[in-house]
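Encoded as structure tokens, the structure appears first; notes follow it.
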Amino acid sequence: MSRLSRSFNVSLRPSQCSSKGSVLAPPRTQPVRRRDIHIKSRARHDLRESFKVASSQWRQTHSTAPTQTLPSESIQENIISSHTAESAVALLEDDARFVAHLSSIFPSLEFPPELAKRMLTHGSHKAAVHGHNGRLGFVGRRVLESYFLLFIHEVAQGRSHHDYDVLVSRALNTYLLGEHVASRWSLGRVLRWLPTVSQENLRIAQLQQSDAELEDALTANPGMLRSVGLYKVMGEAVQAVVGGVYHQFGGSVAHRLFHTRVLPHILLPQRSSGLPAEFHAKALQICERMGGTESDLLYGTKRLPEPTESEPVEMTPKRRAA
């Protein structure tokens, strides 16, 4: 056997490890006796039982004592209740403000608070999650187009060379309604919406004083207001108001509103937009016939009070002529 093989066999021999360990291997773990395990588990069990007994005695001692609310909890409850009351009062004030504004525009109509709030809330506002004017605006656009086409068709009587689609897009444009009808109704004072401007710019604008040159520039260049979406949002609000009136009061009231509160404001003489000049005379004539721009929208639609059971109505038969 060679020297290399002898050294290799020596390296493969099992080495005896002492309990104390060596430099290359850690010491062996001492074997745990079963008796020690039983002693430790019994001690844990006794500790748990003593804790249960002590906790039950404490409950029995303090169960008869009246429970007292901690000061921090009572303060928190008061804060929550006061915040809820303030939010409820704010909601009621908003509802009353919406109803009051619509009543000032249409004195003869009584709007429910929920409907008034929905008509004057745009989809961009944070309160739109509780309802906005999108659906009412959809109805209002169709109502306006229907009454407008009926008016155009009656006046033209087949002799007009105008395209009805072009007339609708010119006269009932959303931007045009927002610029010329919403301003007459002062919807910008109460409409809830968020413009496409950052909150930081809005905060800076509120802190600054009004600039006369800026106001003159906005008056001379109304296209600047189009860029922030003001006229479009106001026009959609006009459509929503018309849709709300149609929904709440019916087609007769909405028809009278169109001829007295909308059509006279979109005539726009000597301008490319609006209604053509050949329809102006008939539009003003219908408006005057219905009582003018300040007429009662419920005129001719009010019902007589129904007789009560305590007041019977005598029905006398009509006499036939001989």
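Only this structure's heavy atoms are used, side chains among them; waters, hydrogens and symmetry mates stay out.
- Distance check, rounded to the nearest 0.5 Å: CE of M119 to CZ of R135 gives 15.0 Å.
- Side-chain atoms of H153 and Y164 include a donor-acceptor pair closer than 3.5 Å.
- Within the model, atoms NE2 of H265 and CD of E179 stand 13.5 Å from one another, a figure rounded to the nearest 0.5 Å.
- I266 and V241 fall within the same hydrophobic cluster, where Ile, Leu, Val, Met, Phe, Trp and Tyr residues are linked whenever their side-chain heavy atoms come under 4.5 Å apart, directly or through other members.
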TODO: Could you check T174 against Q239 for side-chain contact (heavy atoms from CB on, under 4.5 Å), going step by step and ending with a plain yes or no?
DONE: CA-CA 8 Å; T174 306; Q239 296 167 352; 3.5 Å; yes

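- For the pair L263 and A283, the tightest heavy-atom approach, listed with the atom from each and the gap, is CD2-CB, 3.7 Å.
- Using a 4.5 Å heavy-atom threshold, the side chains of L275 and I152 count as touching.
- The minimum heavy-atom distance linking G134 with H132 is given by the pair N-ND1, 3.1 Å.
- Taking all atoms of both residues into account, the shortest heavy-atom contact from N133 to A237 is ND2-CA, 4.1 Å.
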Open item on the list: Run W185 and M234 through side-chain contact (heavy atoms from CB on, under 4.5 Å) and show every step you take.
Closed with: CA-CA 10 Å; W185 296 355; M234 295 302 168; over 6 Å; no

Open item on the list: If you apply the rule side-chain contact (heavy atoms from CB on, under 4.5 Å), what do you find for V245 with L257, and how did you get there?
Closed with: CA-CA 9 Å; V245 170; L257 181 143; 3.9 Å; yes

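- Other residues, nucleotides and ligands contribute over 12 non-hydrogen atoms within 6.0 Å of the CZ atom of F98.
- In the hydrophobic clustering of this structure, V99 does not group with L297; members are Ile, Leu, Val, Met, Phe, Trp, Tyr whose side-chain heavy atoms approach within less than 4.5 Å, directly or through other members.
- Among all heavy-atom pairs drawn from R170 and L176, the shortest one is O-CD1, 3.5 Å.
- Counting heavy atoms from C-beta outward, E288 and L284 have side chains that stay 4.5 Å or more apart.
- Side-chain contact between V238 and V181 is present, with heavy atoms from C-beta onward closer than 4.5 Å.
- Put simply, the side chain of R256 gets close to the backbone of M290: a donor and an acceptor are under 3.5 Å apart.
- In this structure, the side chain of H122 does not engage the main chain of L191 through any donor-acceptor pair within 3.5 Å.
- When side chains are defined from C-beta on, L115 counts as touching L136, because their heavy atoms get closer than 4.5 Å.
- No donor-acceptor pair closer than 3.5 Å links the side chain of T121 to the backbone N or O of R118.
- Contact detail for W193 and H125: the closest heavy-atom pair is N-CD2, 3.7 Å.
- Within the 4.5 Å cutoff, the side chain of L177 has no heavy atoms near those of the Y231 side chain.
- By the 4.5 Å heavy-atom criterion applied to side chains, V139 and V143 are counted as neighbours.
- Rounding to the nearest 0.5 Å places CG of L149 at 13.0 Å from CD of E154.
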Open item on the list: Under the criterion side-chain contact (heavy atoms from CB on, under 4.5 Å), I'd like the reasoning laid out for F249 against F106: C-alpha separation, chi angles, the key distance, then a yes or no.
Closed with: CA-CA 12 Å; F249 304 100; F106 316 113; over 6 Å; no

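- In this structure, K232 pairs ionically with E236, as a charged nitrogen and a carboxylate oxygen lie closer than 4.0 Å.
- Here the CG-CZ distance, from L167 to F151, works out to 10.5 Å after rounding to the nearest 0.5 Å.
- Taking the ring centre of F258 as origin, the terminal cationic atom of R261 falls outside the region bounded by 6.0 Å and 45° from the ring axis.
- At a threshold of 4.0 Å, the pair R142-E145 does not count as salt-bridged, since none of the basic side-chain nitrogens sits closer than that to a carboxylate oxygen.
- Looking at heavy atoms from C-beta onward, L109 lies out of side-chain contact with S103 at the 4.5 angstrom threshold.
- For the pair V242 and G140, the tightest heavy-atom approach, listed with the atom from each and the gap, is CG1-O, 4.2 Å.
- Looking only at side-chain heavy atoms (C-beta outward), S252 and H255 stay at 4.5 Å or farther from each other.
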